[in-house]
Colleague: 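First, the structure itself, so that you have it in front of you.
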Protein chains: 2
Amino acid sequence: MAKQYMQIGEVAERTGLTQRTLRFYEEKGLLAPPSRLEGGFRLYSEDDIQRIEHIVQFKRLLGFSLADIKNMLEAEETLADIRVMNQQEPHPAAQLQRMRKAIAVIEEQESLINRKIAQLEQMRDRWRERLDRTLRRSQEALRDLEAELAASGVKA
Amino acid sequence: MAKQYMQIGEVAERTGLTQRTLRFYEEKGLLAPPSRLEGGFRLYSEDDIQRIEHIVQFKRLLGFSLADIKNMLEAEETLADIRVMNQQEPHPAAQLQRMRKAIAVIEEQESLINRKIAQLEQMRDRWRERLDRTLRRSQEALRDLEAELAASGVKA
DNA sequence: ACGGACATTACCGTTTACGTCAAGGTTATT
DNA sequence: AATAACCTTGACGTAAACGGTAATGTCCGT
């Protein structure tokens, strides 16, 4: 298993971010302040790292600003809160209420991603049509070429 | 039909970009310098506008830097060049050669988009699993709630 | 030929998302 | 207790992607 806690250097290496970026994200509120060693060294938990990798993904895939990503991460947090609350107060009626909230949050994230996918698919389809047209034209060119060769064959 | 040529103000309105941004893109080489009126006013053709809207899409969907987008647009240009050349020198063998190039370019763009889509789908699937788990848990909560109600019904 | 709307270049300013020291404190090992 | 390796908080720097304004020129309808 991975060590329980990692210092910033190791986290940086694992996530591909720099130490500065990690501190920067923390400063901007994208990362919850991690725990610290007595001397002040940051200690990241597995959960922290999960969250960091989440951010990296959001950036790479969606291309959103950090401000946007922060909002999306708040959805994450809502879910985490709900889990904790369901653990603490396991009254079925209250749980059910919170579950509905959780489901709404997740569905929103999913539909956001789906919208993006749909747009990308549309974009891809336009390229695909283009490919088809080009292929058709190159078929024609090939046909013409064969005709030309046949003609020169007759001549020879 | 749309007017043959538009001035920068109208283009800005139609594309949702600012005039400054249009000039900036031109300066950075993302847009070919449009034709000009005698006095120096920029005149954009339909083709120019197509290209601009292309850029807007790339930005919104892929979230790439302008430098990256510039590279992708060069693929576009390669294709345009190929079309012109095929018109000018319609020798089948040469055409065929260029067609192959065109196909390669298009396929590269397509696969780039496909990779992005695949990553997004993976991300969506993770949310979907999460949704499933939450739904299952809320089923349990519902079951518990019904049991509770039944019990209180018996008591009442 | 003139007034108002629209454009031009030039240049400085701003925000975002970090990079890059500097000066000093902490941890682990010997 | 000394030393290397690691960390801390500033503080300033920077590239990208524009925003905003000034000073000036152009277009066009009357």
Side-chain angles (χ1 to χ4, degrees), chain A residues 2-45 48-49 51-74, chain B residues 2-45 48-49 51-74:
Chain A
K3 287 97 122 246
Q4 274 301 79
Y5 286 92
M6 292 198 225
Q7 291 185 194
I8 198 168
E10 200 175 348
V11 174
E13 219 175 319
R14 296 217 178 180
T15 60
L17 300 177
T18 65
Q19 302 189 10
R20 178 74 228 288
T21 300
L22 289 168
R23 295 194 194 100
F24 178 70
Y25 286 175
E26 183 183 336
E27 192 185 320
K28 288 286 161 182
L30 284 117
L31 257 55
S35 50
R36 304 270 189 144
L37 223 89
E38 315 84 67
F41 284 27
R42 265 164 266 250
L43 287 179
Y44 294 87
S45 70
D48 290 332
I49 289 164
R51 174 133 179 167
I52 293 164
E53 270 162 1
H54 225 118
I55 295 175
V56 172
Q57 270 228 336
F58 274 124
K59 278 214 69 178
R60 272 212 349 254
L61 292 181
L62 288 326
F64 290 167
S65 71
L66 292 183
D68 290 343
I69 291 174
K70 193 182 167 187
N71 286 329
M72 301 188 68
L73 287 174
E74 271 155 27
Chain B
K3 289 95 124 248
Q4 274 300 78
Y5 286 92
M6 294 201 230
Q7 290 187 191
I8 198 169
E10 200 176 346
V11 174
E13 219 176 317
R14 295 214 178 180
T15 60
L17 301 176
T18 66
Q19 302 189 9
R20 179 69 177 74
T21 300
L22 289 169
R23 295 196 193 99
F24 178 70
Y25 285 176
E26 184 183 335
E27 192 185 319
K28 288 287 163 182
L30 283 116
L31 256 54
S35 50
R36 303 270 188 141
L37 223 85
E38 314 84 68
F41 283 28
R42 264 163 265 249
L43 287 179
Y44 295 86
S45 69
D48 290 332
I49 289 165
R51 175 132 176 169
I52 293 164
E53 270 161 3
H54 226 119
I55 295 176
V56 172
Q57 270 226 334
F58 275 123
K59 278 214 69 178
R60 274 211 348 254
L61 292 180
L62 290 322
F64 290 166
S65 71
L66 292 184
D68 290 343
I69 292 174
K70 194 182 168 187
N71 286 329
M72 301 188 69
L73 287 174
E74 272 156 26

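Here is the naming used below: chain letters follow the sequence lines, and residue numbers restart at 1 for every chain. From a predicted model like this one, the values you see are computed outputs, not experimental measurements.
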Colleague: What are the two closest non-hydrogen atoms of A/Tyr44 and A/Asp48, and how far apart are they?
Modeller: CA-OD2, 3.6 Å
Colleague: I need the minimum non-hydrogen distance between B/Tyr25 and B/Ile55, along with the two atoms involved.
Modeller: CE1-CG2, 3.8 Å
Colleague: Take A/Gly9 and B/Phe24, find for each the nucleotide of DNA chain D with the closest heavy atom, and name the residue whose nucleotide sits nearer the 5' end.
Modeller: A/Gly9
Colleague: In this structure, are over 12 heavy atoms from other groups packed under 6.0 Å from A/Glu13 atom CD?
Modeller: no
Colleague: Does a nitrogen or oxygen in the side chain of B/Gln7 sit under 4.0 Å from OP1 or OP2 of C/dA7?
Modeller: yes
Colleague: Given atom NZ of A/Lys28 and atom P of C/dT16, what is their separation to the nearest angstrom?
Modeller: 7 Å
Colleague: Which residue, A/Phe41 or A/Arg20, contacts DNA chain D at a nucleotide closer to its 5' end, judged by nearest heavy atom?
Modeller: A/Phe41
Colleague: How far does CZ of B/Phe58 sit from CG of B/Leu73, to the nearest 0.5 angstrom?
Modeller: 5.5 Å
Colleague: Of the residues in residues 61-71 of chain A, which ones touch DNA chain C at a heavy-atom distance under 4.0 Å?
Modeller: A/Ser65, A/Leu66
Colleague: Mind calculating the distance between CD1 (B/Ile8) and C1' (C/dA5) to the nearest angstrom?
Modeller: 15 Å
Colleague: Hey, mind stepping through B/Phe24 and B/Leu66 against side chain to side chain contact (heavy atoms under 4.5 Å, CB included) and telling me if it holds?
Modeller: CA-CA 11 Å; B/Phe24 178 70; B/Leu66 292 184; 3.7 Å; yes
Colleague: Rounded to whole angstroms, how far apart are CG on A/Leu30 and P on C/dA17?
Modeller: 9 Å
Colleague: Using the side-chain hydrogen bond (donor to acceptor under 3.5 Å, both in side chains) rule, collect all pairs that involve residues 51-61 of chain A, keeping only residues at least two apart or in two chains.
Modeller: A/Arg51-A/Glu77, A/Gln57-B/Arg126
Colleague: Find the distance between CE (A/Met72) and CD1 (A/Ile69) and round it off to the nearest 0.5 Å.
Modeller: 8.0 Å
Colleague: Using a cut-off of less than 4.0 Å, is there contact between a side-chain N or O of A/Tyr25 and OP1 or OP2 of C/dA17?
Modeller: no
Colleague: Looking at five pairs on each end of the helix from C/dA1-D/dT30 to C/dT30-D/dA1, what is the angle between the two axes, given to 10 degrees?
Modeller: 10°
Colleague: Show me the side-chain donor-acceptor pairs of residues 28-42 of chain A shorter than 3.5 Å, one per line, residues at least two apart or across chains.
Modeller:
residue, atom, partner, partner atom, Å
A/Ser35, OG, A/Leu43, O, 3.0
A/Arg36, NH1, A/Gly40, O, 2.8
A/Arg42, NH1, A/Glu26, OE1, 2.8
A/Arg42, NH1, A/Glu26, OE2, 3.3

Colleague: Could you check how far CD of A/Glu26 sits from C1' of C/dC18, rounded to whole Å?
Modeller: 15 Å
Colleague: Rounding to a whole Å, what distance do you find between B/Tyr44:OH and C/dC6:C1'?
Modeller: 14 Å
Colleague: Which value, rounded to the nearest 0.5 Å, describes the distance between B/Leu22 atom CG and B/Thr15 atom OG1?
Modeller: 5.0 Å
Colleague: Taking CD from B/Gln19 and P from C/dA10, how many angstroms apart are they, rounded to a whole number?
Modeller: 17 Å
Colleague: OP1 or OP2 of C/dA17 sitting under 4.0 Å from any side-chain N/O of A/Thr21?
Modeller: no
Colleague: Using a 4.0 Å cut-off to any heavy atom of chain A, which nucleotides of DNA chain D are the first and last in contact, reading 5' to 3'?
Modeller: D/dC6 to D/dT9
Colleague: Considering only NZ, NE, NH1 and NH2 on the basic side and carboxylate oxygens on the acidic side, decide whether B/Glu10 and B/Arg14 come within less than 4.0 Å.
Modeller: yes
Colleague: Heavy-atom contacts under 4.0 Å between residues 33-40 of chain B and DNA chain D, which residues?
Modeller: B/Leu37, B/Glu38, B/Gly39
Colleague: Without swapping roles, check the side chain of A/Thr21 against the backbone of A/Leu17 for a donor-acceptor pair under 3.5 Å.
Modeller: no
